[in-house]
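Structure record follows, encoded as structure tokens.
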Amino acid sequence: MSRDLTTDLNEFDMKKKFAILLMILIIHGLGAQARVWTLENAYLRISFDDRTALLEVRDKRCDVVWSQSAADSAMGVSAVTADDDRLCATLDAGYPVRLEMTLEGSSVAVDLSADADTEMSELLYPAPFSTKDAGAYLLLTDGEGLMLPVSDRTYAFGSGISYFCGGGLSMSWMGMLSADRESGYMAIVDTPFDARLEPFRQPGDSLVSFRPVWMSTLGHFGYARRLVWHFFDKGGYVAQSKRYRDYIWAKREIQPLRERRKRFPALDKMLGAPHVYVWDTGRDVSVARRMKERGIDRALFLWDANHLPYPVVGYDDSLKRLGYATGGYELFTDLHKRDTEVNDLYPFDGPLRHKHCVYPGRYEALAARKADGSTYSNQFGTYACPAAMQPEIRSKMDRKMAEYHHEALFLDVYQANGLYECYNRRHPVSREGYARAILANYRLLEEDYGLYLGGEWGADFAVPHSVFVHGMMTLQWPWWGSEIDEKGTIYYYGDWKNNSRPSIQVGTRTAGPTYYRYCINEALRVPLYELVYHDAVVTSWRWEDANHHYPELWWKKDLYNMLYGSAPLWSMDLPRWESFENTFIRSYRQVCPWLRQIAYDEMTDHRFVTPDGRIQRSDFSSGRSIVVNFSDRDYDYLGRTIAARSYVIL
């Protein structure tokens, strides 16, 4: 072998060794840079992996560990700094996102910011915590509240978007509860208008967890986003509800009913009373007199002007003389294509003079539009942008209040249908702007017409201007699309074809399997909303899911009203009153005097006396308590016998 060849081979060998050594140094260097950062106090130890931006949280009080492991939420990390209680980093989400994580007590706040003009669709961060215990429960704030086993395989989750009754959140939080119903965690979304808390079933074991999802605002990042995780070693769903109550009452400056009564004295008449929708012959004041004669001393009467016949002019004044609360149903959210042009289909001096959503020639001016110029719509019509509606609201209310001197209004849809972005150049708004426009319309009705207000479902951004909500007692997401849609069966819930006597309101039906499994199931339902808002908002069932619509379950709905401190809801004409008169009276005598006693109280506690939920107890701030027995057997409670399907007041 020549010297030159030998030299070349030696040089090649040295270069190869150098390359290998360099790779080893690079790998070790990167390994040295990769790090798990720690924040710690007396309650929690937070570990942040700067390779993935995932967290592990150890609750030192109960030695429970919550870990994140979602690949779709992992992202690149740089520029990490940390001290005892705060960590900062830059996340790579396809654009730089600044993360600030703060540990305070048993809570971890996550703040995310980016250039406001950054284009985005969704950001999935922080990652969800993995559910490992098949005995745990998800706390859903859909309606009053649901404590769903994480092993459930059939509940059809919605998107978890804020303030939407179709599978979204009535309150901007969601929680997880351990199998013993004591420890757990919750997420409160402090910037809720462009956010979701999305439940999902984990790949592999199908156990339920949930993840935060940040949506764009008008196509951009827009503003800083904030979520706070709270961890609990004890207290269960009550502790989580009370944590949210402390937070949201301060943030929204919520006033209790006792304070609101100073502004609206008439609202006192609806407390401890059934909320009654009247139809057809039920709108004659003689029906109210008959109810009064039978001992129903308190009630809130409401009627819908889309349906004939109208009560006589002065109907409200007659009800007031009987001592009843008076109100009307209103709807300012829908548009119809007929109004793209000026028309006289529903003249303002005709029999349907107060019909809803009549805006001749105003369709284009009022419609909420998407970024592509199309409209939002559902089976009831096109969505009107609330930012455009005040002139129409004034016009309608000036005409109606001249004839019917309402004390209250039920405003349909606003608190149930979600929030939308409007790109109509006449009134563009973000989702938050959409919510603010709704609240401005509420203030108009309060300030200019002296009305106290209610709404559908109960999205809590409107709580400062809403004192009653219809539909929270109905767990409606699993109910919709279930057996109630099966025409020609005993489960079908009816329709609106008969204008004066819609069967969906004045008829009855039989509860189907879905209703029993979820909607009325005492093992799953929990009064999360009442634990937060009982002394601020009166809740009830939906008007097509009233106490009497399932006669075989009337007793159970009454017990739920007593346990939760919520109002019975009746929807009737004269024949319905006559067919169930004695049961209406018996229901009133059982439920409403108790509701009156606790009308202004905070619900301070709720518990399952038995693990299956058949015996439950609620406590109120006045010191009053109630224990209900949902079972078919008598139950001994602290030396007192609670009859089957009955209750005791302590």
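No experiment lies behind these values; they were computed from the predicted model shown.
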Between Asp233 and Ser183, does any side-chain donor sit less than 3.5 Å from a side-chain acceptor? no

Which of these, Tyr423, Tyr376, Tyr420, sits in a ring pair (Phe, Tyr, Trp, His ring centres under 6.0 Å) with Tyr434? Tyr420

Whether over 12 other heavy atoms sit under 6.0 Å from Glu119 CD: no

Side-chain contact test, heavy atoms from C-beta onward, threshold under 4.5 Å: evaluate it for Leu453 versus Leu445 and give yes or no. yes

Looking at residues at least two apart in the chain, or sitting in another chain, which of them share a salt bridge (Lys or Arg N to Asp or Glu O under 4.0 Å) with Glu182? none

Donor-acceptor pair, side chain of Asp339 and main chain of Tyr363, under 3.5 angstrom: no

Do any pairs count as a side chain to side chain donor-acceptor pair (under 3.5 Å) and have a residue in residues 409-419, sequence neighbours left out, and if so which ones? Tyr329-Asp412, Tyr383-Asn417, Tyr414-Asn441, Gln415-Tyr442, Gln415-Ser466

Aromatic rings Tyr247 and Tyr244: how do their planes relate, parallel, tilted or perpendicular, breaks at 30° and 60°? tilted

So Phe221 and Leu123, do their side chains get closer than 4.5 Å, heavy atoms only? yes

So which of His606, Lys242, Arg181 actually passes side-chain hydrogen bond (donor to acceptor under 3.5 Å, both in side chains) with Tyr237? His606

Salt bridge (Lys or Arg N to Asp or Glu O under 4.0 Å) between Asp535 and Arg260: does it pass, once the steps are laid out? CA-CA 11 Å; Asp535 50 337; Arg260 299 197 211 194; over 6 Å; no

So, do Thr333 and Leu331 sit near enough that their side-chain heavy atoms are less than 4.5 Å apart? yes

Give the intermediate values and the outcome of side-chain hydrogen bond (donor to acceptor under 3.5 Å, both in side chains) for residues Ser162 and Ser172. CA-CA 6 Å; Ser162 301; Ser172 57; over 6 Å; no

Could you walk me through whether Tyr137 and Leu524 satisfy the side chain to side chain contact (heavy atoms under 4.5 Å, CB included) test, starting with their C-alpha distance in whole Å, then the side-chain angles of each, then the deciding distance to 0.1 Å, before giving a yes or no? CA-CA 10 Å; Tyr137 300 88; Leu524 302 181; 5.9 Å; no

Tell me whether Arg542 contacts the main-chain N or O of Met472 through its side chain, where contact means a donor paired with an acceptor under 3.5 Å. no

Sequence neighbours excluded and cut-off under 3.5 Å, please list the side-chain donor-acceptor pairs for residues 94-104, or say none.
residue: Arg98; atom: NH1; partner: Ala89; partner atom: O; Å: 3.2
residue: Arg98; atom: NH1; partner: Thr90; partner atom: OG1; Å: 3.0

Give me the ring orientation class for Tyr163 and Phe193: parallel if the planes are under 30° apart, tilted from 30 to 60°, perpendicular past 60°. tilted

4.5 Å side-chain heavy-atom contact, Ile248 and Met171: no

With sequence neighbours left out, the residues meeting side chain to side chain donor-acceptor pair (under 3.5 Å) with Tyr550 are Trp479

For a 4.5 angstrom cut-off between non-hydrogen side-chain atoms, does Arg243 reach Ser107? yes

In terms of heavy-atom contacts, Gly175 and Gln240 come closest through CA-OE1, 3.4 Å

I'd like to know whether Ser540 forms a side chain to side chain contact (heavy atoms under 4.5 Å, CB included) with Ser566, so could you lay out the CA-CA distance, the side-chain angles of the two residues, the decisive distance to 0.1 Å, and finally the verdict. CA-CA 6 Å; Ser540 76; Ser566 60; 5.8 Å; no

If only atom types and distance count, is the side chain of Arg525 paired as donor or acceptor with the main-chain N or O of Tyr518 below 3.5 Å? no

Do Arg362 and Glu392 meet the salt-bridge criterion of a basic N to acidic O distance under 4.0 Å? yes

Determine, step by step, whether Met603 and Asp605 satisfy the side chain to side chain contact (heavy atoms under 4.5 Å, CB included) criterion, reporting the C-alpha distance in whole Å, the side-chain angles of both residues, the deciding distance to 0.1 Å, and the verdict. CA-CA 6 Å; Met603 180 187 280; Asp605 197 9; over 6 Å; no

Flag for Ser159-Glu198: side-chain donor and acceptor within less than 3.5 Å: no

Going by distance alone, is a donor N or O of one side chain under 3.5 Å from an acceptor N or O of the other, for Tyr533 and Asp460? yes

Take atom CD in Glu253; do more than 12 heavy atoms of anything else shown fall under 6.0 Å from it? no

Taken in chain and number order and not counting sequence neighbours, the residues that satisfy salt bridge (Lys or Arg N to Asp or Glu O under 4.0 Å) with Arg436 are Glu432

Measuring only between side-chain heavy atoms, which start at C-beta, is Arg225 closer than 4.5 Å to Tyr223? yes

Are the side chains of Val537 and Val467 in contact, using a 4.5 Å heavy-atom criterion? no

What are the two closest heavy atoms between Gln68 and Ala53, and how far apart are they? OE1-O, 4.3 Å

Contacts of Phe157 that satisfy ring pair (Phe, Tyr, Trp, His ring centres under 6.0 Å) - sequence neighbours left out: Tyr155

Is the ring pair Tyr277/Phe410 parallel, tilted or perpendicular, if the boundaries are 30 and 60 degrees? perpendicular

Cut-off 3.5 Å, side chains only: do Arg201 and Ser209 have a donor facing an acceptor? no

Measure up the Tyr560 and Tyr564 rings against each other and bin them: parallel (under 30°), tilted (30 to 60°), perpendicular (over 60°). perpendicular

Residues Leu366, Met389; criterion side chain to side chain contact (heavy atoms under 4.5 Å, CB included); working and verdict: CA-CA 7 Å; Leu366 301 177; Met389 291 304 295; 4.1 Å; yes

State which residue, out of Arg425, Arg426, Arg369, fulfils the salt bridge (Lys or Arg N to Asp or Glu O under 4.0 Å) condition with Glu364. Arg369

Determine whether Ser571 and Glu544 satisfy the following criterion, side-chain hydrogen bond (donor to acceptor under 3.5 Å, both in side chains), listing intermediate values before the conclusion. CA-CA 8 Å; Ser571 190; Glu544 69 272 65; over 6 Å; no

Ring-ring centroid check Trp229 Phe129, cutoff 6.0 Å: yes

For residues Phe232 and Met186, determine if any side-chain heavy atom of one lies less than 4.5 Å from a side-chain heavy atom of the other. yes

Without swapping roles, check the side chain of Asp49 against the backbone of Leu55 for a donor-acceptor pair under 3.5 Å. no

Check: Arg196 side chain, Val213 main-chain N or O, donor-acceptor pair, under 3.5 Å: no

Whether the side chain of Glu421 engages the backbone of Leu218 through a donor-acceptor N/O pair (distance < 3.5 Å, no angle test) should be reported. yes

Counting N and O atoms only, with roles assigned by atom type, does the side chain of Tyr125 sit under 3.5 Å from a partner on the main chain of Ala127, one being a donor and the other an acceptor? no

Would you say the side-chain atoms of Gln390 pair up with the backbone N or O of Ala440, donor to acceptor, closer than 3.5 Å? yes

Salt bridge (Lys or Arg N to Asp or Glu O under 4.0 Å) between Lys251 and Asp190: does it pass, once the steps are laid out? CA-CA 9 Å; Lys251 180 174 182 175; Asp190 188 54; 3.1 Å; yes

Would the distance check show the side chain of Asp334 and the main-chain N or O of Cys357 forming a donor-acceptor pair, the cut-off being under 3.5 Å? no

Could you tell me whether Arg509 and Asp545 make a salt bridge, using a distance below 4.0 angstrom between a side-chain N and a carboxylate O? no

Flag for Thr514-Glu483: side-chain donor and acceptor within less than 3.5 Å: yes

Quick check, are the ring centers of Tyr185 and Trp66 under 6.0 angstrom apart? yes

Distance-only, no hydrogens or angles: does the His465 side chain make a donor-acceptor pair with backbone N or O of Ala462 under 3.5 Å? no

